[in-house]
Chemist: 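Quick one: this structure, given as structure tokens, is what I'll be asking you about.
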Amino acid sequence: MAEAVPRVTSLDEIYSNTTTGALPEQKARIKHLIESFSKANGSKPDFIARSPGRVNIIGEHIDYSLYNVLPAAVLVDVLVAVKVGQPSAEPKIKVANTNDTKYPTAEFDIPKEGDVHIGEHDWSNYFKAGLRGSIQTLRKEHGDNFQPKSMDVMIDGNVPAGGGLSSSAAFVCASALAVMAANDHDVSKQDLLDLCIVSERSVGVYSGGMDQAASIFSEKGYLLYCRFVPKFSAEHVPVPAADPEITFLIAQSFVTSDKAVTAARHYNLRVVEVTLAAVVLAKFFNITLDPDSSSLGFSIRNFQEELMKKLGHTDLAEDKQLDMMIDIVQKRLTQQPYSRAAVAGILEIEVPALEKAYFSKFDVEGDTFMLRQRALHVVEEARRVVAFKDLLSSNASNKLSQDQVQYLGHLMNKTQESCRDVYDCSCPEIDHICDIARKSGALGSRLTGAGWGGCTVHLVPQDKVEAVTEALKKEYYNKKFPNLSADKMKDAIVISKPGQGSSLITGKALDL
Ligand code: NG1
């Protein structure tokens, strides 16, 4: 039996041992949510579905090429409080937010047939995305006549929006979990993951799957090593001991990058570029790729597997295979960007056929594509992830030496260089934060998440945390945002130990 998303009856199971002082603060927050819910709906919620944000330690922009990544859940999360109504031919949904001035209440029906409608950019779309995916799954399982239940919902989220900690995945995962639970479905972690990846694509972002995996599968105290092939699997990797202890410091840039708004020229364009790189390389080696589970159906990882089969190298270790891939990308793809006509020419198809295959699922701005640069980032980053994970796993029960800690930091610094220069997904503010942090004691500093703003993560020895924090305040936040409120400053820099993944908060945990 696949493992179900846990039901917890005590908040300690989620929030204790994650960050000092977290438990009382979270209890107060949940109490406030329950009180606001009762005020709006006349009684307490039946349960609260919860899913956290995540920080990616290493493995950036490679999940949608199906390469392994190493994220962890953070403490901040999205809470979806629910009161369940009756099954109905015309089920009604009311979605409110504890911050109702910023996020006004939305009310709508679930259509009898077809998908839940998702309109222009609106905060409630992320709930609708989770709802849409869940209803599709429930109808698949119980037939088209399945009658969903009405729901009164109130949401409270503290993952900074557009801040690189994957607020969208936390929101979609918590919403889908809420809908499945409201309809008496004990969803497994794997099923929730599958449906959330598809759900999030309905908000227009051709997301990889890392964020949803980290949000759902993470366990307190562990990083989550995610493999996407042959199918998704998660391995819980402890953060090894070191002297001084290593910490992951998370610092916001406060440069907001809304993926759903900028996707056409940022995120989705990269998805197209790496997909085109995969099919072009396959063509060069006379390989026909079968569609895979990546966003557009053809991934560099799949090309690698097919190439290794063809060359008789399937038993070669992962790092050696990736070294070969790096060499191939450098030799076979040109520095110059490729036009649509050039790609179509290589694939021996007409431009309209190319456009139908790779440009019709979502809007993409751009007529030239940096295939070599994007593919090179992908295979080199995948190689760094393997090196990082191998070092952690081989030292799970020993203390890391100073050299080993330095090496982990070095890998993170290389990721940042590649994101900045090769994948072009950093921004001046992120580069600046990384410089300040390194100069004041961080061993590794890089953007985390999609980039173009958002958030950074730093590998910092415990005895340097204060120096790095002070330097960032002085040289970045105080200069760039002199009027930052105390609350915002508190959110700007966080040391969050790896947190717990999705859960349903029920029973006694709601008696606050
Ligand atoms: P963010 O934008 O930080 O949530 C996005 C993708 C991930 C991954 C990273 C880059 C979504 C939901 N998430 O993360 O899958 O591709 O960018 O590594 O689109």
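Order of appearance sets the numbers: ligands from 1, and atoms from 1 within every ligand.
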Chemist: Looking at F232, I want to see if its CZ is surrounded by more than 12 non-hydrogen atoms of other residues, nucleotides or ligands under 6.0 Å.
Modeler: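 Above 12, so yes.
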
Chemist: Is the count of non-hydrogen atoms from other residues, nucleotides or ligands lying under 6.0 Å from D363 atom CG greater than 12?
Modeler: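 For D363, atom CG is not crowded (no more than 12 foreign heavy atoms under 6.0 Å).
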
Chemist: May I ask you to check if ligand 1 and S168 share an N or O to N or O distance below 3.5 Å?
Modeler: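 In fact, backbone or side chain, S168 has no N or O that close.
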
Chemist: Look at atom NZ of K414 and say whether more than 12 heavy atoms of other residues, nucleotides or ligands are closer to it than 6.0 Å.
Modeler: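 No, NZ of K414 has 12 or fewer neighbouring heavy atoms, counting only those of other groups under 6.0 Å.
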
Chemist: Do Y15 and D77 have side-chain atoms, one donor and one acceptor, less than 3.5 Å apart?
Modeler: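 Y15 vs D77: donor-acceptor pair found between side chains.
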
Chemist: Would you check whether S166 has a nitrogen or oxygen atom less than 3.5 angstrom from a nitrogen or oxygen atom of ligand 1?
Modeler: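 Yes, S166 has an N/O under 3.5 Å of an N/O on ligand 1.
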
Chemist: Would you say ligand 1 has an N or O under 3.5 Å from any N or O of N56?
Modeler: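 No, N56 has no N/O under 3.5 Å of an N/O on ligand 1.
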
Chemist: Using a strict cut-off of 4.0 Å, indicate which atoms of ligand 1 neighbour a heavy atom of E200.
Modeler: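 In order of numbering, the contacting atoms are 12 (C).
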
Chemist: Closer than 4.0 Å to some heavy atom of Y64 - which atoms of ligand 1 meet that?
Modeler: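 Near Y64, meaning under 4.0 Å from one of its heavy atoms, ligand 1 has 16 (O).
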
Chemist: Are side-chain N/O atoms of E318 and N68 paired as donor and acceptor at under 3.5 Å?
Modeler: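 Judged by distance alone, the side chains do pair up.
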
Chemist: Can a donor-acceptor pair be found between the side chains of E381 and S418 at a distance below 3.5 Å?
Modeler: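 Distance-only check fails for E381 and S418.
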
Chemist: Counting each atom of ligand 1 from 1 as listed, which ones have a heavy atom of G208 under 4.0 Å away?
Modeler: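 Result: 15 (O).
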
Chemist: List ligand 1 atoms under 4.0 Å from D63, heavy atoms only on the residue side.
Modeler: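 Once the distances to D63 are compared, the set is 7 (C), 8 (C), 15 (O), 16 (O).
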
Chemist: Which of the atoms in ligand 1, numbered in the order shown and given with their element, are less than 4.0 Å from a heavy-atom of G449?
Modeler: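 Matching atoms, with element in brackets: 3 (O), 10 (C).
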
Chemist: What part of A450, side chain, backbone, both or neither, has a heavy atom within less than 4.0 angstrom of ligand 1?
Modeler: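 Both backbone and side chain.
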
Chemist: Does one side chain, of Q500 or E219, offer a donor that lies under 3.5 Å from an acceptor on the other?
Modeler: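 No, no side-chain donor-acceptor pair sits under 3.5 Å.
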
Chemist: Which of the atoms of ligand 1 are close to R54, meaning less than 4.0 Å from one of its heavy atoms?
Modeler: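 Here the atoms of ligand 1 in question are 1 (P), 3 (O), 4 (O), 14 (O).
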
Chemist: Hey, is OH on Y103 packed in by over 12 heavy atoms from elsewhere, all under 6.0 Å?
Modeler: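 Counting other residues, nucleotides and ligands, OH of Y103 stays at 12 neighbours or fewer.
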
Chemist: Show which atoms of ligand 1 fall inside a sub-4.0 Å distance from at least one heavy-atom site of M210.
Modeler: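 Heavy-atom distances to M210 below 4.0 Å select 8 (C), 9 (C), 18 (O).
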
Chemist: Among the heavy atoms of G209, does any lie under 4.0 Å from an atom of ligand 1?
Modeler: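 Yes, that is the case, since the closest heavy atom of the residue is under 4.0 Å from the ligand.
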
Chemist: Can you name the atoms of ligand 1, numbered from 1 with element, that are less than 4.0 Å from a heavy atom of E60?
Modeler: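 The list of qualifying atoms is 10 (C), 18 (O).
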
Chemist: Taking atom NZ of K389 as the centre, does the number of heavy atoms from other residues, nucleotides or ligands within less than 6.0 Å exceed 12?
Modeler: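 Count over threshold, so yes.
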
Chemist: Does ligand 1 have a heavy atom under 4.0 Å from the side chain of E381, from its backbone, from both, or from neither?
Modeler: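 Within the 4.0 Å criterion, E381 makes no contact with ligand 1.
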
